[in-house]
Amino acid sequence: MFKIVKREEMAEGTVILNEIEAPLIAEKAKPGQFVILKATETGERIPLTMAMTDPVKGTITIIYMVVGKGTAVFRDLVVGDTYQDVIGPLGKPTHLEKVGKVVCVGGGTGIAVLHPITRALKEVGNHVIAIIGARSKDLLILEDHMQAASHELHVCTDDGSYGRKGFVTEALRDVLENEKIQLVVAIGPVPMMKFLSQLTKEYNVKTIVSLNPIMVDGTGMCGGCRVTVGGLTKFACVDGPEFDGHQVDYDELMLRLQAYCEDEKKCYEDYCVLSA
Amino acid sequence: MAEKTAKKKSVPRTLMPEQEPEVRMRNFDEVPLGYTPELAQQEAARCIQCKKPGCMAGCPVDVDIPGFIKLIKEGDFKAAIRNLWAKNSLPAVCGRVCPQEIQCEGLCVLAKKGEPIAIGNLERFAADYERDHGTGELPPKLTPTGKKVAVIGSGPSGLTVAGDLIVKGHEVTVFEAFHKPGGVLVYGIPEFRLPKEIVFQEVGFLERLGVKVDCNVVVGRTVSVDELFEQGFEAVYIGVGAGLPRFLNIPGENLVGILSANEYLTRANLMKAYRFPDYDTPIPKGKNVVVLGAGNVAMDSARTAMRLGAEKVRIVYRRSRAEMPAREAEIHHAEEEEIEFFLLTNPTKFIGNERGRVIGMECLQMELGEPDESGRRRPVAVDGSEFNLDCDLAIIAVGAGANPLLTQSTEGLHLNQWGYVLADPATGKTYKKGVWAGGDIVTGQATVILAMGAGRKAADSIHDYLTYGW
């Protein structure tokens, strides 16, 4: 059993933070790795990349958007409640290297995944420019954390309610126009990663994305998380979750993410009715 | 005397009652219903108690087959299960899933002139009777040795190692990557062949004996093999299974609605997706399902699809019926449940719709040519035989390879060209001191009982090591 020691609501309650006691995982976890969580006996196994880890306290922190029944069950857990199962750390850690100037771009809850990677890239000596975005000011998460994790922070909102009006792609284009960038890390919704990768390809800048496809075991056993990268089939759980953004078949990934949408919608609606 | 023997031989094998095909093909309850004590004793009485029993030679874990059968015949069911436990920690499992026809029963002397003793059914009976009516009294354990053994993987070979070593007085911890123990017995073999409750009770039996089971630990990620030694474990057994699904590597394979059998069965069995939405994990419910491959896993997948409401389920296999690797009994059960066989058919491409979902396959008709290196006749495409086969769900059941997660994170193991761990077949010893391996991660995908046999040999060797040294 894995106890929740802290819970916060962000982005008007649509995004939840849980800090969870998991000492074995906290000790081992590296930036970019993920865990699989299952709240109850009848629950689903849900993969989430860790937003923070604290090996001293023996805790890991996940930040997720409530999108279906699985995450709604997570949302309804309070401090002191437990996750029945937490498995990890899974996936390959981020490759950390001093390359020079790096831009870390995050959208939505992708910012949570981006945060430890940004910090680590700074720690190994890169100059790190962070660009984060959300639909509006109230939906933006982890601004302070990202400020601390980077050298420069640019904030964008789709509606202009905070920071620069517009998408993160536009902010990134400006940076790429004005500075020589060695690496871009882009994490967020699949369409965002697709467009960011198209942009960085124009400028010929190496780009890393972190993918979160549908997954069951997370250890390379089921192949549910397969993605096409550079024309080859890869398993996101063991070959990833980070891949060369210029090689990923995003359209296929988006279709695969829709595989269970009807079942999931029904399951979520039933849960909302029951818990209302 | 001669007349008496002849009379004995003429007694037919006692059939185990089972659910009718038209009923069971739509439910997940176990297919065979089990013997009553009367039926079990009737079947046990057919055993002629050979002085040199052939059956035992066919058992990878050396069960005293005539011995336990005699005890059933005499009605001493408690003694029968104790006799089984002496050699087999998982009799309720083996009674159900061993390929007895090529092992013990295949060597039964009665099989020469008639039907062999139903050894598997009797083993199952003894285990089920103990579970339902037993006293729960545990078999004896030797004095504690204070030596700690780590077993990685809680499938059949790992559980065998754990069961053997705990009664020899060692401390045993089993590490399992999934959230429930049992390995392939839980994620792979369907409920209707092996109820999960039975697996959990078998594991519970080992826990009562003192085995510690630690789930949610991915050795290679959460902890490494070398760290286990640092934690004070003196011996490590690797029994992680094959666990890397093979795909066909043909165009369109990543369309929605194409799953590995591992994923399909894990969703159905471990995650209980057949009870969706009571359980949260969904599973695709195809109306027109194809299963590629013809082994036991393919049969399990096809029968699962039928139970999930398919109108049509087809096994598609590029060789002929004679080369199908599944057990005859599984093929028979599948046929009874209206699974169709599309033999000598080789898919070359999956076809999808505008939403990226599979709607069919392009196939070639095959014919059998000269034998290949496996000794089976090689399937060769018939010129101009292209045709399409519609489907809305395709399950790839063409076998599994070696999962590299643990082996690549462990220094000092030697692997063969396919990534399987090199281990001494007699002892299970690997090239790394203090580390043994067995089951599918050594042999490639095989059977539950062969994995258990490897576990038995390794457990003996580990015991020797802990007693006398490497």
S.K.: Does Arg226(A) form a salt bridge (charged side-chain N to carboxylate O under 4.0 Å, His left out) with Glu253(B)? I'd like the steps, not just the answer.
M.R.: CA-CA 10 Å; Arg226(A) 55 197 196 276; Glu253(B) 204 163 17; over 6 Å; no
S.K.: Under 4.5 Å heavy-atom distance to chain A, tell me which part of Thr222(B) shows up: side chain, backbone, both or neither.
M.R.: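 Both backbone and side chain.
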S.K.: Using non-hydrogen atoms only, which part of Leu255(B) is less than 4.5 Å away from chain A: side chain, backbone, both, or neither?
M.R.: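 Just its backbone gets close to chain A.
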S.K.: Can you tell me how far the CD atom of Glu19(A) sits from the CD1 atom of Ile63(A), to the nearest 0.5 Å?
M.R.: 10.5 Å
S.K.: With respect to chain B, which residue among Thr219(A), Thr233(A), Thr228(A), Thr40(A) yields the maximal number of heavy-atom pairs within a distance under 4.5 Å?
M.R.: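 Highest number of pairs under 4.5 Å: Thr219(A).
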S.K.: Which atoms of Leu90(A) come close to chain B, meaning under 4.5 Å heavy atom to heavy atom: side chain ones, backbone ones, both, or neither?
M.R.: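 Both backbone and side chain of Leu90(A) come within 4.5 Å of chain B.
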S.K.: Quick check on the interface: out of Gly224(A), Gly218(A), Gly220(A), who has the most heavy-atom pairs with chain B under 4.5 Å?
M.R.: Gly220(A)
S.K.: Salt bridge between Lys180(B) and Glu41(A), side-chain N to carboxylate O under 4.0 Å?
M.R.: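 Here Lys180(B) pairs with Glu41(A) in a salt bridge, since their nearest N and O are under 4.0 Å apart.
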S.K.: Less than 4.5 Å to any heavy atom of chain A: does that hold for the side chain of Leu405(B), its backbone, both, or neither?
M.R.: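 Contact with chain A involves the side chain of Leu405(B) alone.
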S.K.: Check whether Tyr264(B) gets within reach of chain A through its side chain, its backbone, both or neither, counting any heavy atom under 4.5 Å.
M.R.: neither
S.K.: Relative to chain A, which segment of Ile258(B) carries a heavy atom at a distance below 4.5 Å: side chain, backbone, both, or neither?
M.R.: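 Looking at Ile258(B), backbone and side chain both touch chain A.
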S.K.: Which bit of Asn403(B) is near chain A, if near means a heavy-atom gap under 4.5 Å: side chain, backbone, both or neither?
M.R.: side chain
S.K.: Identify which part of Phe2(A) has an atom lying under 4.5 Å from any heavy atom of chain B, answering side chain, backbone, both or neither.
M.R.: side chain
S.K.: Answer yes or no: is there a side-chain heavy-atom contact under 4.5 Å between Ile395(B) and Leu393(B)?
M.R.: yes
S.K.: Charged N to carboxylate O under 4.0 angstrom, Glu263(B) versus Arg267(B)?
M.R.: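 Salt bridge present between Glu263(B) and Arg267(B).
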S.K.: Does a side chain donor of either Tyr83(A) or Asn18(A) reach within less than 3.5 Å of an acceptor in the other side chain?
M.R.: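 A donor-acceptor contact under 3.5 Å links the two side chains.
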S.K.: Side chains of Gln84(A) and Met1(A): closer than 4.5 Å at any heavy-atom pair?
M.R.: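 They are in contact (side-chain heavy atoms under 4.5 Å apart), so the answer is yes.
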S.K.: Can you tell me which of Gly70(A), Ala29(A), Gly68(A), Ala259(A) forms the most heavy-atom pairs within a distance under 4.5 Å of chain B?
M.R.: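 Looking at each option in turn, the highest pair count goes to Ala259(A).
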S.K.: Once the angle between the rings of Phe28(B) and Tyr274(B) is folded into 0 to 90°, is it parallel (under 30°), tilted (30 to 60°) or perpendicular (over 60°)?
M.R.: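 Phe28(B) vs Tyr274(B) ring planes: parallel.
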S.K.: Heavy atoms only: give me the nearest Gln445(B)-Gly399(B) pair and the separation to one decimal.
M.R.: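 Nearest heavy atoms, Gln445(B) then Gly399(B): OE1-CA, 3.2 Å.
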S.K.: Which atoms of Pro284(B) come close to chain A, meaning under 4.5 Å heavy atom to heavy atom: side chain ones, backbone ones, both, or neither?
M.R.: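 Both backbone and side chain.
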S.K.: Does a sphere of radius 6.0 Å around NZ in Lys30(A) hold more than 12 heavy atoms from other residues, nucleotides or ligands, not counting ones at 6.0 Å or beyond?
M.R.: no
S.K.: With a cut-off of 3.5 Å and sequence neighbours excluded, list every side-chain donor-acceptor pair involving residues 191-201 of chain A.
M.R.:
| residue | atom | partner | partner atom | Å |
| --- | --- | --- | --- | --- |
| Lys194(A) | NZ | Asp251(A) | OD1 | 2.8 |
| Ser197(A) | OG | Met193(A) | O | 2.8 |
| Ser197(A) | OG | Gly245(A) | O | 3.3 |
| Ser197(A) | OG | Tyr250(A) | OH | 2.8 |
| Thr200(A) | OG1 | Leu196(A) | O | 3.3 |
| Thr200(A) | OG1 | Ser197(A) | O | 3.1 |
| Thr200(A) | OG1 | Thr207(A) | OG1 | 2.6 |
| Thr200(A) | OG1 | His246(A) | NE2 | 2.8 |

S.K.: Side chain, backbone, both or neither: which part of Glu227(B) has an atom under 4.5 Å from a heavy atom of chain A?
M.R.: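 When you check distances to chain A, only side chain atoms of Glu227(B) fall under 4.5 Å.
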S.K.: By a 4.5 Å heavy-atom criterion (distance strictly below it), what part of Asp278(B) contacts chain A: side chain, backbone, both, or neither?
M.R.: backbone
S.K.: Any carboxylate oxygen within less than 4.0 angstrom of a Lys/Arg side-chain nitrogen, looking at Arg357(B) and Glu262(A)?
M.R.: no
S.K.: Output the residues of residues 45-55 of chain A for which the shortest heavy-atom distance to chain B is under 4.5 Å, in residue-number order; output 'none' if no such residue exists.
M.R.: Arg45(A)
